[in-house]
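When a ligand or atom number is given, it counts from 1 through the structure's own listing order. The figures here come from the full heavy-atom set of this structure, side chains too, leaving out hydrogens, waters and symmetry mates. Note that the numbering runs from 1 along the sequence shown for the chain.
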Amino acid sequence: MNCDVVIVGAGLVGASLAAGLIGSGLRVLMLDAQADESPPHSDWDSRIYAISPGSSDYLRAIGAWQGIAPQRLARVEAMEVHGDVEGAEIRFSAYQAGRAELCFIVESREIQRALRERVQAEDAITTAYATRPVALAVGEESAGIELSDGRSIEARLVVGADGAGSWVRDAAGIDTDVRPYGQHGVVANFETERAHAAIARQWFMRDGVLALLPLPGNRVSMVWSTWDALAERLVALDAADLAREVETASHHELGALRLITPARAFPLRWQRASAWVRPRLALIGDAAHCVHPLAGQGVNLGFHDARALAQVLAARGPQDDCGDYRLLRRYARARVEPVRLMQATTDGLQRLFNNQRFGLQWLRNTGLRLSNGVVPLKSFLVEQALG
Ligand SMILES: Cc1cc2nc3c(=O)[nH]c(=O)nc-3n(C[C@H](O)[C@H](O)[C@H](O)COP(=O)(O)OP(=O)(O)OC[C@H]3O[C@@H](n4cnc5c(N)ncnc54)[C@H](O)[C@@H]3O)c2cc1C
């Protein structure tokens, strides 16, 4: 089988690239190791994302945002970030920033469903699920991939969108700098006694960062990034005990909580591939870089990668080869600084707050109090949150 671009990994980032290439004149194959299953709308997905306005604009431009049911979208109109001493907090609102919302909270599978439906409607895009590459050979004119189902593919460009443990990256021999945080992100959804009032709440605590993010109705989604041992204990708790633990950690702000999805834990790491492009090869999303989820920016970075790569490929000349290294380097150059800045910011915050030294504790809490009063600094933080 021949195509121009093969995207390995149909997660949110890979599928957003496929949708972003619609109309580019390129024939695309998007494949994923997992089967394409559509769970019922009645359940809630415990994997949720804070989608920045920049990312929602991209998803709208590629025709996917319109496919997300409005009743599954929650707008965040304000944020409250609490430190680990009384009164250390920062609050910002969309109103102050002159925006309708700071971000949207959406379930992972609702975005996935919308992206895959968008892609399936296009003749220029072929999809293959429940199959994975087993061999990669990059040549002068094309790259060859053997699939686990026995098929062979010749493509001009191979894109690795296959997540943090990227097979494509490893098969291309690209080194990766990996620094595990020794933490897991524990996620679960709750029904709340009190209304969340479209406020995203975060508590920076001695042993991690707890976020309760608004979902439609009286529901919130929890992301609790904490040390491995506590994460393991949280996941093992029964529903009532976990709810009590989260009520206490969140100072009972939302009243009584009732667990509505089982808790799951994801390992957290800082990670960066030593190269994001090679001749006939590009990495996007978590395959290229991972950040701590405390700022909720991982998939947003990935969407910006996909947009940048799609733009570079769409702007190529009619005779240009989409796997040309010079073309691909334009994509890497466009992304290196924004990713570096976000990795440094989230890593710095993680270190500042997961440290018990007195000086640092004073600094972070004083920093939150001061930032809350200084308008330009607050505006800067809001701009970062808006992506
Ligand atoms: C607890 C937690 C909370 C988070 N919250 C946020 C948030 O609020 N906002 C945000 O922006 N980010 C958040 N993130 C980060 C976000 O989850 C990732 O950045 C995002 O999922 C990366 O998407 P991706 O498509 O690059 O990779 P993935 O989501 O990992 O998708 C990779 C895809 O590739 C497929 N695949 C893997 N290997 C192969 C193979 N060999 N062959 C074929 N297919 C393969 C997989 O099946 C999968 O479909 C969070 C992360 C964690 C851990």
Original post:
Which of the atoms in ligand 1, numbered in the order shown and given with their element, are less than 4.0 Å from a heavy-atom of N300?
Top reply: 11 (O)
Original post:
Among all protein non-hydrogen atoms, which one is nearest to atom 19 (O) of ligand 1, and what is the separation to 0.1 Å?
Top reply: D286 OD1, 2.7 Å
Original post:
Short N/O distance, under 3.5 Å, between A10 and ligand 1?
Top reply: no
**OP:** Would you mind checking which non-hydrogen protein atom is closest to atom 2 (C) of ligand 1, with the distance to 0.1 Å?
**Re:** R47 NH2, 3.7 Å
Subject >> Protein heavy atom at shortest distance from atom 43 (C) of ligand 1 >> reply: A33 N, 3.3 Å
Original post:
Counting heavy atoms only, which of Q183, Q112, R132, Q297 is nearest atom 40 (C) of ligand 1?
Top reply: R132
Original post:
Do M30 and V119 touch side chain to side chain, with heavy atoms closer than 4.5 Å?
Top reply: yes
**OP:** Could you tell me whether some N/O pair between T131 and ligand 1 is separated by less than 3.5 angstrom?
**Re:** no
Subject >> Side chain proximity check, P338 to H304, heavy atoms < 4.5 angstrom >> reply: no
Original post:
Which heavy atom of the protein is the closest neighbour of atom 39 (C) of ligand 1, given with residue, atom name and distance?
Top reply: D162 CB, 3.7 Å
Original post:
Quick one: is the NZ or CZ of R116 closer than 6.0 Å to the six-membered ring centre of Y129, and within 45° of its axis?
Top reply: no
Original post:
So, is G298 polar-close to ligand 1, with some N/O to N/O distance under 3.5 Å?
Top reply: yes
Original post:
For atom 3 (C) of ligand 1, what is the nearest protein heavy atom, given as residue, atom name and distance?
Top reply: P293 CB, 3.7 Å
Original post:
Which distance, rounded to the nearest 0.5 Å, do you find between the CZ of R132 and the CG of D162?
Top reply: 9.5 Å
Original post:
Do L31 and T127 touch side chain to side chain, with heavy atoms closer than 4.5 Å?
Top reply: no
**OP:** May I ask you to identify, for L268, whether its side chain, its backbone, both or neither come under 4.0 Å of ligand 1 on a heavy-atom basis?
**Re:** side chain
Original post:
Looking at G20 and A310, what are the two nearest heavy atoms and their distance?
Top reply: O-CB, 3.8 Å
Subject >> Separation of L26 CG from L21 CG (nearest 0.5 Å) >> reply: 6.0 Å
**OP:** Give the residue, atom name and distance (to 0.1 Å) of the protein heavy atom nearest atom 31 (O) of ligand 1.
**Re:** G11 CA, 3.9 Å
Subject >> Residue portion contacting ligand 1 (non-hydrogen atoms closer than 4.0 Å) for V186 >> reply: neither
Original post:
Taking 4.0 angstrom as the limit, do E107 and R72 come out as a salt bridge?
Top reply: yes
Original post:
Between F204 and H82, does the ring centre distance come in under 6.0 Å?
Top reply: no
Subject >> Minimum non-hydrogen distance to atom 7 (C) of ligand 1, winning option of S108, G296, G14, C290 >> reply: G296
Original post:
Does ligand 1 have any atom sitting under 4.0 Å from a heavy atom of H184?
Top reply: no
Subject >> Qualifying residue, where the test is side chain to side chain donor-acceptor pair (under 3.5 Å) with Q343 and the options are H289, R272, Q271 >> reply: R272
Subject >> Minimum non-hydrogen distance to atom 12 (N) of ligand 1, winning option of V291, V299, I284 >> reply: V299
Subject >> With T176 via side chain to side chain donor-acceptor pair (under 3.5 Å) - residues at least two apart >> reply: R169
Original post:
What atoms of ligand 1 come within less than 4.0 Å of a heavy atom belonging to P133?
Top reply: 42 (N)
Subject >> Ring centre gap for F190 and W44 strictly below 6.0 Å >> reply: no
Subject >> Protein heavy atom at shortest distance from atom 49 (O) of ligand 1 >> reply: D32 OD2, 2.7 Å
**OP:** Report yes or no: does G302 have a heavy atom closer than 4.0 Å to ligand 1?
**Re:** no
Original post:
atom 27 (O) of ligand 1: which protein heavy atom is closest, and how many Å away?
Top reply: G163 CA, 3.6 Å
Original post:
Hey, what else clusters with Y95 if you join Ile, Leu, Val, Met, Phe, Trp, Tyr whenever side-chain heavy atoms sit under 4.5 Å?
Top reply: none
Original post:
Which ligand 1 atoms, with their elements, are less than 4.0 angstrom from a heavy-atom of V13?
Top reply: 23 (O), 24 (P), 25 (O), 26 (O)
**OP:** Would you give the length of the straight line joining atom CZ of R179 to atom SG of C290, rounded to the nearest 0.5 angstrom?
**Re:** 12.5 Å
**OP:** Answer with side chain, backbone, both or neither: which part of L12 has a heavy atom less than 4.0 angstrom from an atom of ligand 1?
**Re:** backbone
Subject >> Structural part of A161 in contact with ligand 1, heavy atom criterion under 4.0 angstrom >> reply: backbone
**OP:** Would you kindly specify which portion of Y49 sits under 4.0 Å from ligand 1, judged on non-hydrogen atoms: side chain, backbone, both or neither?
**Re:** both
